[in-house]
Amino acid sequence: MSTLLKFPDHFLWGAATASYQIEGGWQADGKGESIWDRFSHTPGKILNGETGDVACDHYNRFKEDVRLMKEMGLQTYRFSIAWSRIFPEGRGKVNQAGLNFYSELIDELLKAEIIPFVTLFHWDLPQPLQDEGGWTNRSTVDAFLEYTDIVTKTFGGRVKNWITHNEPSVVTYLGYVYGDHAPGIKDDMPAALAAAHHLMLSHALALPIIRKNSPGCEAGIVLNANYLQPASRSRADLQLLRERDGLWVRWFLDALHGRGYASDVLSSLVAEGKIPSTQLEFVQPGDLETISEPMDFVGLNFYNRDVVRSDAIPEEENLPQTVFSQPKDEVNWTEMGWEVYPEGLLHVLARFYFEYQIPKIYITENGASYSDGPGPDGRVHDERRIAYLREHFKVAHQAIEMGVPLAGYFVWSLMDNFEWAWGYRQRFGLVWVNYETQERILKDSALWYHQVIRQNGVALK
Ligand code: FCB
């Protein structure tokens, strides 16, 4: 018998999804258009021109999906609410049918003894708000608070775990600098930073509303962080690493923890001509204090290591150049082109906890894209996903032993789904989905995960 690494009692095991990636029903029952509807309907934005119009048809099949979760033994399920189902115009008139859908889903979960873990915003902003500037416009903060109030008033008795935003950095930079995600704007750093600011402001102002409407709940935000390593000890690589980490991670963690906006990041952006001045005109007096409103937890989405390599020629040729190797074989790379590097999770968790004293951490996403489908026996033998998860669970266990207050783990994803700009090419699911027939099959990883949950532990091998 192999040794079992036991997790603490009450550790929560779950899986995660997001509304636009699974629901479909993009115009069902009065739903309004979201920026992801608009973006995916724009030619050239998504691989193969695919859209989330139907996706996994979860809108119509949620009962079957909850049954699958039960079969897998999930203790909790992280999903997001589509703002445009509740407010087709972004604010103002409520669409009761939208609330009813989530009400039924929540009841179904509770009946199955699965804890609903709700994300309020997982990227599908109502298009009418984008038409007014979206997150770059401060009035979107008020719209988010109106939406938060209705949702938490309606479900606050039944739902006790709330996430305001998912990965504000991705919304910020993929939405406003790289343009790979909705709203698809390129090279506009001032707009990006305004969006980031309003996302964080709306998060912080939502916390007291959530707590009032959902007594005894816990509320937090979800941030993403890869493990970054410099390719060498050259000053150029180290500088690039600092900038990248500053922009993607420190910008958010610092502000949320009362440290304001990283001044080194601001100076570099000015020096590179990306913003006009270190004075950000959209930051009003008191905002930074507001943003540091304490949270009950932070969710971490972790997937991979990134080795940071600058094009600049190292100035200090005499320095030892430790180069981290990244062998290009399929064992170490998922189909997203993301490197499998479980130890990175330990570094990121330790940093979140020891540097920011975060009281409670959940891994709100972790998983791997491998396209294995059903074989002749009708089963999906996704051994690589099992290996990926096992190694990451082991590292999570190690982090807990180090003192990191890790309270739960959500595998991304419950089922194969619409992977944003990649369309349906990337399959992250524990459940395999046939997009033609909507048939679902529990992959071997789902069966293996069931064991882990039952034992509240992971076997070493
Ligand atoms: C994260 C997103 C999630 C999913 C995974 C693969 O950035 O939060 O929706 O697409 O990546």
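Residues take their numbers from the sequence shown, with the count starting at 1. Just so you know, ligand 1 is whichever comes first in the structure, and atom 1 is the first atom listed for that ligand.
- Annotation: Asn166 places an N or O atom under 3.5 Å from an N or O atom of ligand 1; distance criterion only.
- Neither the backbone nor the side chain of Gln426 comes within 4.0 Å of ligand 1, counting heavy atoms alone.
- The cationic group of Arg85 lies under 6.0 Å from the six-membered ring centre of Phe101 and within 45° of the ring axis, placing it in a cation-pi geometry.
- Ligand 1 has an N or O atom lying under 3.5 Å from an N or O atom of Glu167, backbone or side chain.
- In the vicinity of Trp412, heavy-atom distances shorter than 4.0 Å reach the ligand 1 atoms 3 (C), 4 (C), 5 (C), 6 (C), 9 (O).
- Under a 4.0 Å heavy-atom criterion, Met336 is not in contact with ligand 1.
- Of the N and O atoms on the side chains of Asp131 and Gln127, at least one donor lies less than 3.5 Å from an acceptor on the other residue.
- Taking any N or O of Trp338, backbone or side chain, none lies under 3.5 Å from an N or O belonging to ligand 1.
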Walk me through it: do Glu365 and Arg78 pass the test salt bridge (Lys or Arg N to Asp or Glu O under 4.0 Å)? CA-CA 9 Å; Glu365 287 180 27; Arg78 176 183 172 225; 3.1 Å; yes

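- The single protein non-hydrogen atom nearest to atom 5 (C) of ligand 1 is Tyr303 OH, 3.3 Å, given as residue, atom name and distance.
- With Glu365, Glu419, His181 as candidates, the residue nearest to atom 2 (C) of ligand 1 on a non-hydrogen basis is Glu365.
- Residues meeting the side-chain contact (heavy atoms from CB on, under 4.5 Å) test with Glu89, sequence neighbours left out: Pro128.
- Looking at residues two or more places apart in sequence or on another chain, you find no side chain to side chain donor-acceptor pair (under 3.5 Å) involving Tyr449.
- The backbone N or O of Phe252 sits nowhere less than 3.5 Å from a side-chain atom of Tyr261 that would complete a donor-acceptor pair.
- Shown in contact with Trp420 at under 4.0 Å from a heavy atom are these atoms of ligand 1, numbered in order with element: 3 (C), 4 (C), 9 (O), 10 (O).
- Atoms of ligand 1 lying under 4.0 Å from any heavy atom of Trp123, numbered from 1 in the order shown and given with element: 2 (C), 7 (O), 8 (O).
- Taking all atoms of both residues into account, the shortest heavy-atom contact from Gly179 to Phe39 is O-CZ, 3.8 Å.
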